[in-house]
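Only heavy atoms go into these numbers, but all of them, side chains included; no hydrogens, no water, no symmetry mates.
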Amino acid sequence: MQSIPNEDYSIFNFFTPYPLTIANPRTDWCYKTEPDEHLAGRSIHYARGRVLGGCSSINAMIYMRGQKEDWDEWAARGNRGWSWDEVRPLFEKLEDYQHGAVDGYGAGGEMRVEDPRVHWEILDAWREAAAECGIAPIKVFNRGDNAGCAYFQMNQKRGRRWSATNAFLRPVMQRANLTVLTNALTTKLEIKDKTAQGVHFRHPQHGECSVEAMRETILAAGSIGSPQILQLSGIGPGSLLQSRGIKIVHDLAGVGENLHDHLQIRMQYRVHGVRTLNERANSLWGKAAMGLEYLLLRTGPLTMPPSQLGAFARSDPAQPTPNIEWHVQPLSLDKFGDPLHDFPAITPSVCNLRPASRGWVRITSPDPAAYPEIKLNYLESDEDRRVAVAGMRFTRRIMAAKALAKYRPEEFRPGPGVIEDKDLEKAAGELGTTIFHPIGSCKMGNDPLAVVDDRLRVRGIGRLRVIDASIMPRITSGNTNAPTYLIAEKGAAFLREDAGPSAP
């Protein structure tokens, strides 16, 4: 929808970039979700990148492909070309792994993948505790089955963020056939005879403008922006469009539906006799030492994403593959953007990788500047609540393991008095918050709610594709940035193939 010139937010930690990016209207759309019944009636901040590079310029940099089962499930739905065996070579083509073409990664691609540059004693101990509970230590994720515990790898280059802008845009900025126009607000698509002709937009210097497409129009505004633009253009559920005063161009029921996301439950523990980021960030000397280490060595806490250690497991033995993931953080705070607590603590956040609850994105007005209604319906399904409770109980087993005993962990959120399933469900709703992985609102498939086909063409509209995370029919197991790059790579290939060999 709209962006601003890219700024370099390469040092990513809780006391510098989050205040600069998350909830900052210069870099974040600052959406709010509608209140959710099972989230204690809360509305939560819903960050989306409003900067060149989109969310890759403000996210946590974690590189996760998803699991084999995710991609094979997409293919089983009739989406040709999207199985694990078909997408894995494309991931390798995109990757530039720090150690070369080893560990299942590729080398020489645009997307830099590096190991973390800081370690914490408390996280090493948590990894040992997880092993005591049946979650084996592994070297890397991303081999198809993520079962195990490892340090996350990141989209960084020498300790600095490596966003989509760094990887793909800046190297081609001088091309004659590329124009980058920032601060432009898309108002609608131009559709004639069920065929996309181009885009209308509003610009502060140029006013109302339009651009005609010579071949195709590509919509890549993400899981909030893409369905919003389609609906503003008259493509979407007919009853919604009529109620908002939009002329129906194409009644497409699935536009904006099927929205889902990973909800993390942020349990927190005070620890003793070990350093965490809390003390370092709250100390003037600690901040100075971290800054000096970063400037001299490009290592230390100023290179770290908020979550460094990850683990994947089954919430119960009946699950075919790991269905819960932990993001373990050597810190604690009340909510993103707040100061870190003034005592040593860790936050082992657990999330359901395959939520059953579904929400929507729906325009509230024909005004393109008006934010849409974003409803997630987190924890609406019985299954999601069961998995939440199982994940919290599993977290407690890990925290009670022998490897962590010497640090005397004390649960202070939600607290040891929360025991019964119904109370844990309530606590999950009170503690749960997004990991910023919205997907699915323009889903790919063949069913009545499908918006695009398996070549990402909008059903019923010619010369129009959606190429972003909104096309995922079901969320991948883990962070969604890498799968979004994969979607873009396949989308680009479809464009080239359909243009034919004689196209410039």
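With contacts defined as side-chain heavy-atom distances shorter than 4.5 Å, the pair Pro116/Met304 does not qualify. With contacts defined as side-chain heavy-atom distances shorter than 4.5 Å, the pair Ser56/Thr165 does not qualify. At a threshold of 4.5 Å between non-hydrogen side-chain atoms, the residues Glu279 and Arg275 count as touching. Tyr407 is not listed as a side-chain neighbour of Pro344, based on a closest heavy-atom distance of 4.5 Å or more. Here the side chains of Pro339 and Leu333 are not in contact, with every heavy-atom distance at 4.5 Å or above. Between Arg65 and Pro483, the closest side-chain pair of non-hydrogen atoms is not below 4.5 Å. Between Lys443 and Leu449, the closest side-chain pair of non-hydrogen atoms falls below 4.5 Å. Tyr151 has its side chain out of reach of Asp115: every pair of non-hydrogen atoms, C-beta onward, lies at least 4.5 Å apart.
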- Item | side-chain contact (heavy atoms from CB on, under 4.5 Å) between Glu257 and Arg358, intermediate numbers included | CA-CA 8 Å; Glu257 303 302 302; Arg358 295 292 184 268; over 6 Å; no
- Message: side-chain contact (heavy atoms from CB on, under 4.5 Å) for Lys375 and Asn377? Distances and angles first, verdict last.
- Response: CA-CA 6 Å; Lys375 181 75 169 179; Asn377 293 314; 3.1 Å; yes
- Message: Go through it in stages, so that I can follow the logic: the residues are Tyr97 and Tyr63, the test is ring-ring contact (aromatic ring centres under 6.0 Å, His included), and I'd like the CA-CA distance, side-chain angles, deciding distance and then a yes or no.
- Response: CA-CA 11 Å; Tyr97 185 39; Tyr63 188 81; 9.2 Å; no
- Message: Run the side-chain contact (heavy atoms from CB on, under 4.5 Å) test on Asn479 and Glu325 for me, step by step, so that the C-alpha distance in whole Å, both residues' side-chain angles and the decisive distance to 0.1 Å come before the verdict.
- Response: CA-CA 10 Å; Asn479 309 74; Glu325 176 188 11; 3.7 Å; yes
- Task: Take Glu489 and Lys93, measure what salt bridge (charged side-chain N to carboxylate O under 4.0 Å, His left out) needs, and give me the verdict at the end.
- Result: CA-CA 10 Å; Glu489 184 73 9; Lys93 175 178 177 289; 2.5 Å; yes
- Is there a side-chain contact (heavy atoms from CB on, under 4.5 Å) between Ile62 and Asn481 once you walk through the steps? CA-CA 8 Å; Ile62 294 172; Asn481 193 51; over 6 Å; no
- Worked check of salt bridge (charged side-chain N to carboxylate O under 4.0 Å, His left out) between Asp338 and Lys335: CA-CA 6 Å; Asp338 284 358; Lys335 63 179 186 297; 3.2 Å; yes
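The ring of Phe168 has its center closer than 6.0 angstrom to the ring center of Tyr485. Side-chain rings of Phe152 and His327 approach one another, their centers coming within less than 6.0 Å. Ring pair Phe412/His341: centre-to-centre distance below 6.0 Å.
Side-chain contact of Gln98 with Tyr105: a donor-acceptor pair under 3.5 Å is absent, judged by distance alone. Arg474 and Asn258 share no side-chain donor-acceptor pair at under 3.5 Å. Donor-acceptor pairing under 3.5 Å is lacking for the side chains of Asn282 and Asp342. Under 3.5 Å, the side chains of Thr299 and Glu293 contain a donor-acceptor pair of N or O atoms. For the residue pair Glu410/His272, the side-chain donor-acceptor check at 3.5 Å is satisfied. Looking only at atom types and distance, the side chain of Glu380 has no donor-acceptor partner in the side chain of Ser357 under 3.5 Å away.
The aromatic rings of Trp326 and Phe394 sit perpendicular, their planes meeting at an angle over 60°, well past the 30° parallel limit. Trp82 and Trp74 have tilted rings, their planes meeting at an angle from 30° to 60° on a 0 to 90° scale. Using cut-offs of 30° and 60° for the angle between ring planes, the Trp84 and Phe91 rings count as tilted.
Separation of atoms OG1 (Thr476) and CD1 (Ile487) is listed at 8.0 Å; rounding is to 0.5 Å. Atom CG of Asn323 sits about 6.5 Å away from atom CG of Leu353, to the nearest 0.5 Å. Taken from CH2 in Trp162 to CG in Asn155, the straight-line distance is 10.5 Å, to the nearest 0.5 Å. Between atom CD1 of residue Ile398 and atom CD1 of residue Ile135 there is a gap of 4.0 Å, rounded to the nearest 0.5 Å. Expressed to the nearest 0.5 Å, how far CE of Met472 lies from CG of Asp468 amounts to 9.0 Å. Distance check, rounded to the nearest 0.5 Å: OG of Ser307 to CG of Leu331 gives 8.0 Å.
The backbone N or O of Pro305 sits nowhere less than 3.5 Å from a side-chain atom of Gln308 that would complete a donor-acceptor pair. In this structure, the side chain of Arg314 engages the main chain of Gln319 through a donor-acceptor pair within 3.5 Å. The closest donor-acceptor contact from the side chain of Arg127 to the backbone of Cys149 lies under 3.5 Å. Listed for the Arg160 side chain is no donor-acceptor partner under 3.5 Å among the backbone atoms of Lys157.
Between Lys490 and Gly81, the shortest heavy-atom contact is NZ-O, 3.0 Å. Between Phe343 and Asn278, the shortest heavy-atom contact is O-ND2, 2.7 Å. Across Lys139 and Asp103, no two heavy atoms sit closer than the pair NZ-OD1, 3.2 Å.
Within a 6.0 Å radius of CD in Glu37, no more than 12 heavy atoms belonging to other residues, nucleotides or ligands are found. More than 12 heavy atoms of other residues, nucleotides or ligands lie within 6.0 Å of CZ in Arg397, so this atom counts as buried by the packing criterion. Residue Lys422 qualifies as open at atom NZ: its count of foreign heavy atoms under 6.0 Å is 12 or below.
The pair Arg354-Glu69 meets the salt-bridge criterion, since a charged nitrogen lies less than 4.0 angstrom from a carboxylate oxygen. Salt bridge absent: Glu430 and Arg266 never bring a charged side-chain N and a carboxylate O closer than 4.0 Å. Here Arg413 does not pair with Glu411 in a salt bridge; the nearest charged N to carboxylate O distance is not below 4.0 Å.
Geometric assessment of Arg50 against the ring of Trp29 yields a positive cation-pi assignment under the 6.0 Å and 45° thresholds. Taking the ring centre of Phe141 as origin, the terminal cationic atom of Arg143 falls outside the region bounded by 6.0 Å and 45° from the ring axis.
The only member of Thr33, Asp28, Asp261 that meets side-chain hydrogen bond (donor to acceptor under 3.5 Å, both in side chains) when paired with Tyr46 is Asp261. The only option from Arg386, Lys426, Arg393, Arg385 that meets the side-chain hydrogen bond (donor to acceptor under 3.5 Å, both in side chains) definition with Asp421 turns out to be Arg393.
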